[in-house]
Amino acid sequence: MATFYVTTPIYYINDAPHLGSAYTTIVADVLARYRRLRGADTFFLTGTDEHGLKIQRAATERGIEPQAFADEVSELFRQTWPKLGCAPDDFLRTSSARHKRGAQAMWRRIEQAGDIYLGHYTGLYCVGCESYYTDKELEQPGGICPTHKKPAELVKEESYFFRLSQYQERLTRFYENNLRFVEPESRMNEVKSFVAGGLEDLSVSRTTFNWGVPVPGDERHVMYVWFDALSNYFTALDEPADNGKYWPPDVQLVGKDILRFHAVYWPAFLMAAGFADDELPRHVVAHGWLTYGGQKMSKTLRNTVSPVALAEAVSPAVGVDTVRYCLLRSISFGHDGDFSIDDVLARYGADLGNTLGNLLNRVHPFAVSEPGLTPAPDGPLETALFEAIVTAAREAAEAWDHVSPTRALEATWVGLAQANQYFDKAAPWAAKKSEPARVPTIVSAVVRALEAMSVLVCPVMPSVSAAMRAQLGLAPLGSAIGHDQWPLSLPAARAELALVRGEPIFPRFSPEKVAELRAAFTPH
RNA sequence: GCCGAAGUAGCUCAGUUGGUUAGAGCAGGCGUUUCAUACGCGCCGGGUCGGGGGUUCGACUCCCUCCUUCGGCACCA
């Protein structure tokens, strides 16, 4: 049985969910939905990373316990995803008991393998901030702390280390045997050159704070954040029912900023814990940053945009699907990309309203006049249409398999365009007068095309898919393990159609609404 | 500084290993249809493929150089 395991990073809870994390989560959700439609037994994991000094300090500032702080912000994340149409199978919190258990078990495995040892970490420490800084983070020359305007001190602290240096060769070999381990390729090269530059052992514990997973056997230490966090991908499955069934991850989505941790440290940890090469994650896929309306989003500039608010403003019914579509369609995956309200408006009108919505809408008048449908065998026009649809399905599948949302949606929309073209060529309005017997054939063909398109569109726009299918007289798509529903062959003709003409799925925006949306969502 | 990526039509981007007139979508123009959400369909893109030089019979596609932008160069979530 084919399984599919996809993960997002667990998000650090020092901030509310933003467009960037929404993008990652949506991509993961779309991949999960796609695989489910293909019949794979799929597991989609996300969660929150809740440990570390920053969280401890933020909690202290508010006069609450770190756990209470974490509970609050984590909940914010957990509640956000359904509002964006995302349905993770599990939501892992690093402060949960099961995760601590799992992380400690992972620690022990590595320790028993002899790859964790006690040593001393030296770093530049700012007493005022109570934390370490890198040269880059400090003001040069002099290594001045930007907050306290005092030079950071060189401090030595007891710390456990992971023998990362021992894994350079094996990692290199692993990359050579798995050329697509990291995608896109340019990122793979970055990772390779990083490893080729030599690896030092990694400090994996701290004693300067205690909000973390205690090191087993030495509770003066807590695991340093990356050891703790990365293990979540394994600990989430570390239950008898799941463990082994979904492991290893098929796709791990990460932002480019955290690629190294996932492409170097993480496989090394797993190697040390005794995983064979074919038990390591299959693909780590790095995406770029998002700007909004050409501007980098930042809290200080106060130009962050809430994807949830945007979706609600666009439309209560299809806003979420619209935002999902636009994010995936407009951002060239892997590159930095810009997302803007003008882009949303343009795509809502053109791609969604005109091409997709209108196609569905224009078939209805003919369908209602043809209740007892008896389509003739397909002619050349119909055959050409179905070939085009199947090609679109195949190309979209190929693109989804390679985590290329933009390409997948392009292929999908080629299918929709072909259906519109077919409708014009077949011209049922003319056939009605000249050759009435052909009308049922034409209606049937377009309905079958639309049925196929409702599948192709489903991973990205599940509610639109359901709305389309409702108008076509079909039940929403469900996931059936082992049953590939992707339309890689001609959709079956149905003798009886039960079309239900509904309101347009993507109603045209009034000029006033366009103005309102622009005003509300154009960053300044 | 070192390494790497990108710079292609107004906008967003595709362009396999170099080869006939450089592509798509959107926007815009023209035409057409009226089934449909003034929607669809058809036609229209003389862009020095960042600048310069070179290799080649021939380069957007290889090499050099310059300019611009963006990444990576280890403990930053």
Side-chain angles (χ1 to χ4, degrees), chain A residues 9-15 20-21 48-52 54-55 121 123 131-137 159 161-162 164 184-204 206 224-227 229 254-261 264-265 286 288-289 329-332 334-338 340 342-343 345-367 369 404 406-407 409-410 413-414 416-417 419-432 439 442-443 446 501 503-509:
Chain A
I10 44 174
Y11 300 108
Y12 203 55
I13 55 169
N14 60 349
D15 193 7
S21 40
T48 45
D49 179 16
E50 308 180 5
H51 290 135
K54 284 184 190 173
I55 303 306
Y121 174 76
S131 68
Y132 288 95
Y133 288 103
T134 60
D135 280 340
K136 266 198 303 188
E137 290 169 322
S159 170
F161 281 83
F162 169 67
L164 182 63
E185 194 182 359
S186 59
R187 298 288 170 195
M188 179 82 258
N189 293 336
E190 250 172 52
V191 168
K192 279 187 200 161
S193 70
F194 172 77
V195 172
L199 296 174
E200 291 170 15
D201 289 350
L202 202 62
S203 166
V204 288
R206 284 292 139 90
Y224 185 56
V225 62
W226 278 105
F227 191 97
V254 298
K256 63 186 183 183
D257 54 327
I258 55 172
L259 174 60
R260 181 194 311 142
F261 306 103
V264 181
Y265 302 172
W289 292 137
R329 178 65 187 78
S330 296
I331 302 206
S332 185
H335 297 112
D336 289 357
D338 188 53
S340 70
D342 284 330
D343 183 71
L345 292 171
R347 293 201 180 279
Y348 179 93
D351 300 0
L352 302 178
N354 294 348
T355 304
L356 196 170
N358 186 238
L359 172 63
L360 177 59
N361 217 41
R362 66 197 296 214
V363 71
H364 279 299
F366 299 99
S369 65
S404 300
T406 314
R407 271 203 299 135
L409 289 172
E410 271 171 6
W413 253 254
V414 168
L416 288 167
N420 268 313
Q421 285 163 31
Y422 165 81
F423 206 71
D424 273 62
K425 281 186 201 148
W429 50 92
K432 204 166 178 178
V439 175
I442 297 166
V443 172
V446 175
R501 184 166 201 177
E503 290 301 304
I505 297 177
F506 299 98
R508 194 146 286 276
F509 291 148

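Residue numbers begin at 1 in each chain, while the letters A, B, ... track the order of the sequences.
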[X], nearest nucleotide to its side chain (from [options]):
| X | options | answer |
| --- | --- | --- |
| K54(A) | rC35(B), rC76(B), rC75(B) | rC76(B) |
| K256(A) | rG71(B), rC76(B), rU33(B) | rG71(B) |
| P504(A) | rC76(B), rU37(B), rC41(B) | rU37(B) |
| Y224(A) | rC76(B), rC26(B), rA36(B) | rC76(B) |
| N354(A) | rU37(B), rA74(B), rG40(B) | rG40(B) |
| Q421(A) | rG42(B), rC26(B), rC75(B) | rG42(B) |
| S203(A) | rC75(B), rU34(B), rG71(B) | rC75(B) |
| D424(A) | rC75(B), rG40(B), rA74(B) | rG40(B) |
| F366(A) | rC35(B), rA36(B), rG25(B) | rC35(B) |
| R187(A) | rG42(B), rU37(B), rG71(B) | rG71(B) |

Indicate the ring-plane relationship of F509(A) and Y348(A), choosing parallel, tilted or perpendicular according to the 30° and 60° boundaries.
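Aromatic pair F509(A)/Y348(A) classed parallel.
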Is any side-chain N of the basic residue among R347(A) and D342(A) closer than 4.0 Å to the acidic one's carboxylate O?
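Salt bridge absent between R347(A) and D342(A).
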Strand partner of rG1(B), provided both Watson-Crick or wobble distances fall under 3.5 Å:
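Base-paired to rC73(B).
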Contact class for [X] (heavy atom, under 4.0 Å): base, sugar-phosphate, or nothing?
| X | value |
| --- | --- |
| I10(A) | base |
| N189(A) | nothing |
| E190(A) | sugar-phosphate |
| W413(A) | nothing |
| D343(A) | nothing |
| D201(A) | base |
| A229(A) | base |
| L199(A) | base |
| Y11(A) | nothing |

State, yes or no, whether a side-chain contact exists between L202(A) and Y224(A) at a heavy-atom distance under 4.5 Å.
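No. Closest side-chain heavy atoms not under 4.5 Å.
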Between atom CZ in F509(A) and atom C1' in rA38(B), what is the gap in whole Å?
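Rounded to whole Å, this separation is 17 Å.
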Integer-rounded Å distance: rG40(B) P and N420(A) CG
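In whole Å, rG40(B) P and N420(A) CG are 7 Å from each other.
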Phosphate oxygens OP1/OP2 of rG25(B): is one of them under 4.0 Å from a side-chain N or O of R407(A)?
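Answer no for this pair, as no side-chain N or O of R407(A) is under 4.0 Å from OP1 or OP2.
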Does rC39(B) have OP1 or OP2 under 4.0 Å away from a side-chain N or O of R508(A)?
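Result: yes.
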Does the ring centre of F162(A) sit less than 6.0 Å away from the ring centre of F227(A)?
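No, the ring of F227(A) stays outside the 6.0 Å limit from the ring of F162(A), centre to centre.
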Which is more 5' along RNA chain B, the nucleotide nearest L164(A) or the one nearest I505(A)? Just name the residue.
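Taking each residue's closest nucleotide, the earlier one in sequence belongs to I505(A).
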Could you give me the CA-CA distance, side-chain angles and deciding distance for E410(A) and R329(A), then say whether side chain to side chain contact (heavy atoms under 4.5 Å, CB included) is met?
CA-CA 8 Å; E410(A) 271 171 6; R329(A) 178 65 187 78; 3.5 Å; yes
Using 0.5 Å steps for rounding, measure from the CG atom of L416(A) to the CG atom of L352(A).
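Interatomic distance, L416(A) CG to L352(A) CG, rounded to 0.5 Å: 9.5 Å.
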